[in-house]
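Please read the structure below before turning to the comments.
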Amino acid sequence: MTNPAPPAAGQTGTSAPNAPELKTALQDFTTEFGGFQAEIIHKFQQHEERLTMLDRKTALSPARPALSGADAGATLHHKAFDAYLRSGDDSPMRGLDLDTKGLNTQIAADGGYLVDPETAQAIRGVLHATASIRAIASVVTVESTSFDVLVDHTDVSTGWATEALATAESDAPKIDRIPIRLHELSAMPKASQRLLDDSAFDIEGWLAARIASKFARAEAAAFISGDGVDKPRGFLTHSDIPDEIWEWGNLGYIATGAAGDFASTNASDAIVDLVYALGATYRANAVFVMNSKTAGAVRKMKDADGRFLWSDGLAAGEPARLMGYPVLVAEDMPDIADEACAIAFGDFEAGYTIAERPDMRVLRDPFSAKPHVLFYATKRVGGDVSDFKAIKLLKFALS
């Protein structure tokens with residue numbers, strides 16, 4: 001058996017007839033790949049042209065307005081209200097800020113003026129005098145229902161000691177307790193929800209300011225003439241006796257010498273007597289208290305040398321002075337009349353104590369009086385005389 005002869009030099013193991021087919025296939029693949037590449041390049045060019053066109057439109061068109069943020073809040077309210085209607089669960093509503101504004105739009109004087117789109121941004125109210133004894137009294141903040149003032153109005157007995165004799169025991173001091181109970185001021189205005197929705201400004205804040213102003217005027221009157229029944233006791237409601245026979249628990253007074261007026265001669269002597277009826281230790285911090293009518297009468301008084309007893313403040317905000325002592329004009333003081341104690345003089349910081357809770361509370365109730373919103377405001381305050389020596393009165397009487 002013989003072996004086949006090896007192939008000649010220059011020849012390969014592949015038969016020569018397959019070479020043209022491979023070449024044709026390679027050319028077809030190259031052509032198809034070139035077409036695919038051209039198509040991809042064309043699509044990229046179209047995409048770039050489209051992006052360029054969008055950029056130009058965006059640059060020429062105005063900016064898109066910001067979306068309103070009210071939808072999110074409305075959605076929260078809708079979800080909470082839906083839960084309340086379906087299951088009676090009002091807990092989601094407690095965490096929401098409820099719009100609480102007031103009055104109604106049907107009657108002009110009760111709020112109809114407020115829905116006019118040209119309404120002013122604030123309400124101008126009638127001005128009221130708010131001068132109060134609070135400005136000169138002792139004010140304490142408490143967390144309980146009452147405040148007790150402990151007063152030692154006696155003196156410790158003393159004596160001169162000798163070397164050989166025994167020292168006598170001093171008398172024990174006597175302490176009085178003056179309880180000051182806290183009473184509650186309250187107000188509950190209501191307003192329709194529609195007015196609050198349509199009003200041009202903060203109705204809730206306006207109502208709060210009105211309530212606070214009314215509370216200030218109510219307590220100012222009580223500190224002077226309150227009877228102590230569900231309100232502070234005013235210093236003028238305590239019994240008054242002539243200063244010559246004064247005793248603890250009463251306020252001493254000086255008489256003008258004329259019924260319902262100053263004396264016809266030497267009228268200013270009553271003012272001088274009132275000042276020096278008060279002890280020297282209290283005069284250093286003493287203040288006159290009277291209303292405007294009384295101040296107008298006292299303003300005209302002169303001493304024996306023709307000098308006015310009254311002097312106006314030299315700087316802005318400084319009170320007027322009578323015989324060198326500040327004057328508080330409180331409109332709740334009585335007018336000059338027969339048997340009226342129209343002028344008070346004393347150290348009110350020592351003589352009158354006001355006890356109060358630290359803040360005024362406002363409860364908003366949008367459910368009890370639908371479609372109105374109720375505002376229940378409360379403040380707790382009390383007051384009473386704490387030192388009967390510290391306050392003297394001028395009584396317009398014969399004696």
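- Considering NZ of Lys190 and CE of Met188, their distance stands at 9.0 Å, rounded to 0.5 Å.
- Val140 is connected to Val381 through a chain of hydrophobic side-chain contacts under 4.5 Å among Ile, Leu, Val, Met, Phe, Trp and Tyr, so both are in one cluster.
- A donor-acceptor pair under 3.5 Å is absent between the side-chain atoms of Asn266 and the main chain of Asp269, judged by distance alone.
- Contact between Ala397 and Ala255 at its shortest, heavy atoms only, is O-CB, 3.6 Å.
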Report all side-chain donor-acceptor pairs from residues 24-42 shorter than 3.5 Å, counting only partners two or more places apart or in another chain.
from: Thr24; atom 1: OG1; to: Pro20; atom 2: O; distance (Å): 2.9
from: Thr30; atom 1: OG1; to: Leu26; atom 2: O; distance (Å): 2.9
from: Thr31; atom 1: OG1; to: Gln27; atom 2: O; distance (Å): 2.9
from: His42; atom 1: NE2; to: Gln46; atom 2: NE2; distance (Å): 2.8

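- Using a 4.5 Å cut-off on side-chain heavy atoms (C-beta onward), Thr353 and Ile180 make contact.
- The CZ atom of Arg233 lies 9.0 Å from the CG atom of Asp227; values are rounded to the nearest 0.5 Å.
- Here the straight-line distance linking atom SG of Cys341 with atom CD1 of Ile391 works out to 12.0 Å at 0.5 Å rounding.
- With salt bridges taken as basic N to acidic carboxylate O contacts below 4.0 Å, none links Glu219 and Lys231.
- Contact check for Tyr276 versus Arg283: side-chain heavy atoms found under the 4.5 Å cut-off.
- Legend: residues meeting salt bridge (charged side-chain N to carboxylate O under 4.0 Å, His left out) with Glu349, ordered by chain and number and at least two apart, are absent.
- Within the 4.5 Å cutoff, the side chain of Phe348 has heavy atoms near those of the Ile133 side chain.
- No chain of hydrophobic side-chain contacts below 4.5 Å, direct or via other Ile, Leu, Val, Met, Phe, Trp or Tyr residues, connects Leu278 to Leu393.
- In terms of modelled atom types and a separation under 3.5 Å, the side chain of Arg181 and the main chain of Gly382 share no donor-acceptor contact.
- A cation-pi contact links Lys392 to Trp246, judged by a cut-off of 6.0 Å to the six-membered ring centre and 45° from its axis.
- Side-chain contact check for Leu185 versus Thr378: every heavy-atom pair is 4.5 Å or farther apart.
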Apply side-chain contact (heavy atoms from CB on, under 4.5 Å) to the pair Asp243 and Ile254, showing each step before the final yes or no. CA-CA 6 Å; Asp243 192 60; Ile254 300 296; 3.9 Å; yes
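- Of the possible polar contacts, one joining the Thr256 side chain to the Asp261 backbone as a donor-acceptor pair under 3.5 Å is found.
- Ion pairing between Lys395 and Asp240 holds under the 4.0 Å rule for side-chain N and carboxylate O.
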Dump the intermediate steps for side-chain contact (heavy atoms from CB on, under 4.5 Å) on Phe388 and His238, then the final yes or no. CA-CA 10 Å; Phe388 290 91; His238 287 275; 3.6 Å; yes
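- Side-chain contact, Ser239 with Asn250: a donor N or O sits under 3.5 Å from an acceptor N or O.
- Across every non-hydrogen atom of Pro326 and Ala286, the tightest pair is CD-O, 3.6 Å.
- Using a 4.5 Å heavy-atom threshold, the side chains of Ile178 and Asp148 count as separate.
- Around CG of Asp230, the count of heavy atoms belonging to other residues, nucleotides or ligands within 6.0 Å does not exceed 12.
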Sequence neighbours excluded and cut-off under 3.5 Å, please list the side-chain donor-acceptor pairs for residues 288-301, or say none.
from: Asn291; atom 1: OD1; to: Lys293; atom 2: N; distance (Å): 3.2
from: Asn291; atom 1: OD1; to: Thr294; atom 2: N; distance (Å): 2.9
from: Asn291; atom 1: OD1; to: Thr294; atom 2: OG1; distance (Å): 3.0
from: Asn291; atom 1: ND2; to: Met333; atom 2: O; distance (Å): 2.8
from: Asn291; atom 1: ND2; to: Pro334; atom 2: O; distance (Å): 3.3
from: Asn291; atom 1: ND2; to: Asp335; atom 2: OD1; distance (Å): 2.6
from: Ser292; atom 1: OG; to: Glu331; atom 2: OE1; distance (Å): 3.4
from: Ser292; atom 1: OG; to: Glu331; atom 2: OE2; distance (Å): 2.3
from: Arg299; atom 1: NH2; to: Asp312; atom 2: OD2; distance (Å): 3.2

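- Note: the hydrophobic cluster containing Tyr253 does not contain Leu394 (ILVMFWY, side chain heavy atoms under 4.5 Å, direct or indirect links).
- Checked against the 6.0 Å centroid threshold, Tyr325 and Phe345 count as a close aromatic pair.
- Using a 4.5 Å cut-off between side-chain heavy atoms of Ile, Leu, Val, Met, Phe, Trp and Tyr, with links allowed through other members, Val329 and Leu236 fall into different hydrophobic clusters.
- Residues Val287 and Leu322 fall into different hydrophobic clusters, defined by Ile, Leu, Val, Met, Phe, Trp and Tyr side chains chained together at heavy-atom separations under 4.5 Å.
- Closest approach of Pro232 to Gly383, counting heavy atoms only: CB-N, 3.5 Å.
- Between Tyr352 atom OH and Ile136 atom CD1 the span is 11.0 Å, to the nearest 0.5 Å.
- A distance of 8.0 Å separates CG in Leu328 from OG in Ser132, rounded to the nearest 0.5 Å.
- You'll find the side chain of Leu274 reaches within 4.5 Å of the side chain of Ile343, heavy atoms only.
- Side-chain contact, Tyr282 with Asp387: a donor N or O sits under 3.5 Å from an acceptor N or O.
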List the steps and the verdict of side-chain contact (heavy atoms from CB on, under 4.5 Å) for Leu374 and Arg364. CA-CA 6 Å; Leu374 297 177; Arg364 299 163 181 83; over 6 Å; no
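- Closest approach of Ala137 and Ile354 over heavy atoms only: CB-CD1, 4.0 Å.
- Side-chain atoms of Thr237 come within 3.5 Å of backbone atoms of Gly234 as a donor-acceptor pair (strictly under, hydrogens ignored).
- Looking at heavy atoms from C-beta onward, Val327 lies in side-chain contact with Trp310 at the 4.5 angstrom threshold.
- With salt bridges taken as basic N to acidic carboxylate O contacts below 4.0 Å, one links Arg134 and Glu356.
- Atoms NZ and CG, from Lys302 and Leu309 in turn, are 10.5 Å apart once rounded to the nearest 0.5 Å.
- Between Ala258 and Leu398, the shortest heavy-atom contact is CA-CD2, 3.9 Å.
- Cation-pi contact between Lys379 and Phe215: absent, since separation from the ring centre below 6.0 Å together with deviation from the ring axis within 45° is not met.
- Heavy-atom minimum distance, Ile211 versus Ala187: CG2-CB, 4.3 Å.
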